[in-house]
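Please read the structure below before turning to the comments.
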Protein chains: 2
Amino acid sequence: MEGPVTIRDVAARAGVALSSVSRVLSGHPDVSASMRTKVEEAAQALGYEPDLLAQSLRSGATRTIGFIIRDISNPLFAVVARACEQELRRNGYSLILMNSDGSVETESKNFALLRRRRVDGVIASLVAEDSPYVKKTILSLRAPLVLLDRDVKGLDASAVITDHATGVKAATTHLLDMGHRDIAFISGAANVYTTRNRIKGFSEAFAEAGIPLPEQLIALGGFDAEYGLIHARHLLLKTPRPTAFVAGGIGSTAGVVRAFHEMKLEIGKDVALVALDEWPLFDVFATDISSVYRDPEAIGSEAAHLILEVLKGNEAQESVIATKFTARASSQGGVVSVR
Amino acid sequence: MEGPVTIRDVAARAGVALSSVSRVLSGHPDVSASMRTKVEEAAQALGYEPDLLAQSLRSGATRTIGFIIRDISNPLFAVVARACEQELRRNGYSLILMNSDGSVETESKNFALLRRRRVDGVIASLVAEDSPYVKKTILSLRAPLVLLDRDVKGLDASAVITDHATGVKAATTHLLDMGHRDIAFISGAANVYTTRNRIKGFSEAFAEAGIPLPEQLIALGGFDAEYGLIHARHLLLKTPRPTAFVAGGIGSTAGVVRAFHEMKLEIGKDVALVALDEWPLFDVFATDISSVYRDPEAIGSEAAHLILEVLKGNEAQESVIATKFTARASSQGGVVSVR
DNA sequence: TTCAGCGATGGAATCGTTACCAGAATCTAA
DNA sequence: TTAGATTCTGGTAACGATTCCATCGCTGAA
């Protein structure tokens with residue numbers, strides 16, 4: 001045989017009309033038993049498989065969901081993607097993966113391409129919330145959208161939001177209780193909810209303790225390891241030197257730890273550290289690092305769940321994922337500033 | 001406006017025939033300048049975008065590539081996927097991501113679904129090389145295939161193959177030189193090239209040193225952390241106890257290190273360790289672990305490159321990725337068996 | 001016996017695009 | 001001026017499926 005088998009071939013073999021074959025195969029009720037067996041036998045014999053492309057063109061639904069993130073090699077996103085793809089697959093949807101490489105332009109192009117591919121929905125972690133492109137691009141999507149940890153006004157999108165503030169506040173309060181005052185805070189870009197919400201928790205802890213927020217120790221800029229490294233180097237040269245670091249984003253945290261290594265500072269002894277988010281093998285190779293944990297699998301399956309809900313015709317919703325602070329050796333000791 | 005703008009709307013607005021619009025927009029040479037401007041203006045004004053679905057149905061090419069792996073949350077695959085997606089995107093292709101969750105059945109279903117989606121090609125890391133399903137499924141793909149680190153006969157597929165043997169051999173020779181004899185080897189399933197090729201390197205090192213291979217210390221079974229843990233526990237109870245471990249697969253290695261923790265064995269002091277593959281933050285939190293490294297980005301972009309070549313009409317090819325052994329503290333010391 | 005009613009089936013239009021074919025319009029050469 | 005070549009354009013048939021509509025045959029009631 002050559003070329004895929006079409007419904008036309010099945011019709012010819014069964015000696016019936018195209019439309020009858022379609023009715024049988026799509027489970028239409030008004031078909032006689034004899035017709036059903038005839039068609040099913042022919043389809044079986046020829047190894048017929050429906051062409052999803054043609055079905056999509058006709059039906060208007062592609063049963064594909066776009067997944068746009070900065071970078072799938074970020075372990076957090078990878079776990080989110082896995083859980084999300086699994087859940088979507090169970091419901092008959094496929095996932096089209098696109099990295100935006102931290103570029104708003106690439107992200108915008110990705111949205112445009114997904115629109116032309118007529119995806120049924122998009123799940124995205126935007127590079128920035130305030131870029132003018134993106135909002136226009138998204139509004140023209142004509143498909144449901146689920147945002148991951150982003151807060152963009154006027155979009156009618158669902159969202160999976162992490163409650164960073166609670167975890168970060170607990171972590172910061174813990175550090176304050178341990179006597180730390182010069183606590184440095186490093187996280188990603190300021191124009192995303194993730195960072196703002198973490199700062200919220202950080203600030204609240206200081207406010208509740210009645211201690212002034214060390215604003216000059218808050219360093220923002222990006223999620224890459226180089227930012228973490230540069231910021232940490234810079235902060236470690238300040239006087240008084242920060243005695244504790246709260247570092248967010250896996251990349252940034254890596255940068256911070258590198259800076260510690262450069263300065264021969266031992267974590268948990270010379271300097272305290274709380275990592276925001278955990279990463280693969282965290283429990284094996286970073287056993288002593290205090291962390292604010294969120295469950296990435298839950299984020300992924302919730303995202304899938306939310307988009308499926310909208311596709312069923314329900315309203316856009318928001319899900320909140322909890323965070324949990326766990327104190328470990330890295331934040332127990334540490335040289336505490338003397339005032 | 002309601003519903004997407006079609007080529008028909010553009011034709012109506014420009015006052016020309018459908019076919020002329022198509023010709024202009026697809027860059028056909030036989031169009032007059034006036035026609036070109038008329039159509040382009042109308043398309044611009046209406047915000048026309050071609051429907052990739054319809055184009056695909058017509059042309060037979062979807063410009064999508066399927067990507068099937070065991071688990072995207074494995075950091076190695078995540079980096080491969082990112083590099084691969086980037087390269088494909090630059091060439092106008094999108095990537096459909098599917099996890100096979102370590103199940104041959106799921107993998108087979110994924111292949112079938114990709115076939116029905118009429119993808120132009122598939123890049124896959126098979127769960128097993130010898131499963132009867134898979135070969136049948138793959139042969140009916142009707143699209144080029146790139147295998148990642150797998151060796152399946154009679155497929156006419158391209159492949160990106162890692163030369164594990166060289167790196168593992170160097171690592172093993174190093175351990176033998178350090179005086180180790182009871183060297184345990186833990187890696188994934190035996191029915192994939194990755195494991196076989198690693199064992200090849202392991203064996204060759206012993207052979208060249210004229211030392212008998214400790215076959216009872218070779219433990220295979222799977223790539224998950226639980227396998228690593230179970231096997232390592234078991235091996236650590238043997239007499240004489242292995243003094244060094246070569247552990248492959250990020251998950252397995254994690255299991256092995258957990259077993260060390262359970263037994264309060266300090267890496268590089270009580271027991272030597274060489275990790276096959278590195279993982280995120282390896283350089284930060286596993287600075288002292290000897291490793292056999294391969295570049296996952298190269299694997300991803302090579303995979304994309306190979307499939308693009310076949311899509312251009314060239315023959316299927318095989319690319320080989322090098323490995324590099326780096327000795328670090330974890331394999332320097334260690335209690336050496338006395339014979 | 002005849003007609004209404006009903007279930008099952010075939011034919012044709014449609015989704016949005018491209019590509020072939022024929023014909024119109026313009027141009028060149030004799 | 002006309003035949004022939006050369007552009008360019010419009011109509012139409014696909015790609016592979018679904019769905020509406022009309023029709024056909026059959027049954028049951030008057």
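Convention: sequence-line order gives letters A, B, ...; per-chain numbering from 1.
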Kindly write out the residues that satisfy side chain to side chain contact (heavy atoms under 4.5 Å, CB included) with A/S73, not counting sequence neighbours, or none if the list is empty.
-> A/D71, B/V79, B/R82
Any residue meeting salt bridge (charged side-chain N to carboxylate O under 4.0 Å, His left out) with B/E309, in chain and number order, not counting sequence neighbours = B/K312
Give me, pair by pair, the N or O atoms of the protein and of nucleotides 14-17 of chain C that are less than 3.5 Å apart, along with how far apart they are.
unit_1 : atom_1 : unit_2 : atom_2 : d
C/dT14 : O2     : A/R58  : NH1    : 3.3
C/dT17 : OP1    : B/Y48  : OH     : 2.5
C/dT17 : OP1    : B/D51  : N      : 3.1
C/dT17 : OP2    : B/I7   : N      : 2.5

Smallest heavy-atom separation, B/V127 atom then B/N191 atom, equals O-OD1, 4.3 Å
Tabulate protein N/O versus nucleotide N/O from nucleotides 8-10 of chain D, keeping only pairs under 3.5 Å, one per line.
unit_1 : atom_1 : unit_2 : atom_2 : d
D/dT9  : OP1    : B/S32  : OG     : 2.6
D/dT9  : OP2    : B/S32  : N      : 3.2
D/dG10 : OP2    : B/A17  : N      : 3.2
D/dG10 : OP2    : B/S20  : OG     : 2.6
D/dG10 : N7     : B/S19  : OG     : 3.2
D/dG10 : N7     : B/R23  : NH2    : 3.0
D/dG10 : O6     : B/R23  : NH1    : 3.2

Sequence neighbours left out, what passes side chain to side chain contact (heavy atoms under 4.5 Å, CB included) with B/T62? Give chain and number order.
-> A/L53, B/S56, B/T64, B/R118, B/D120
Could you pull out all residues at least two apart from A/A83 that satisfy side chain to side chain contact (heavy atoms under 4.5 Å, CB included)?
-> A/E297
Contacts of type side-chain hydrogen bond (donor to acceptor under 3.5 Å, both in side chains), residue A/R90, not counting sequence neighbours | A/E87
Please name all residues satisfying side chain to side chain contact (heavy atoms under 4.5 Å, CB included) with A/S32, sequence neighbours left out, ordered by chain then number.
-> A/S34, A/M35
Restricting to pairs with a member in residues 146-157 of chain A, which pass salt bridge (Lys or Arg N to Asp or Glu O under 4.0 Å), not counting sequence neighbours?
-> A/D149-A/R294, A/D151-A/K153
Collect all protein-nucleotide pairs involving nucleotides 25-27 of chain D in which both atoms are nitrogen or oxygen and the distance is under 3.5 Å.
none

Residues at least two apart in sequence or cross-chain that pass side-chain hydrogen bond (donor to acceptor under 3.5 Å, both in side chains) with A/T195, listed by chain then number, are none
Apply side-chain hydrogen bond (donor to acceptor under 3.5 Å, both in side chains) to B/R117 and list each qualifying residue two or more places apart in sequence or on a separate chain.
-> A/S94
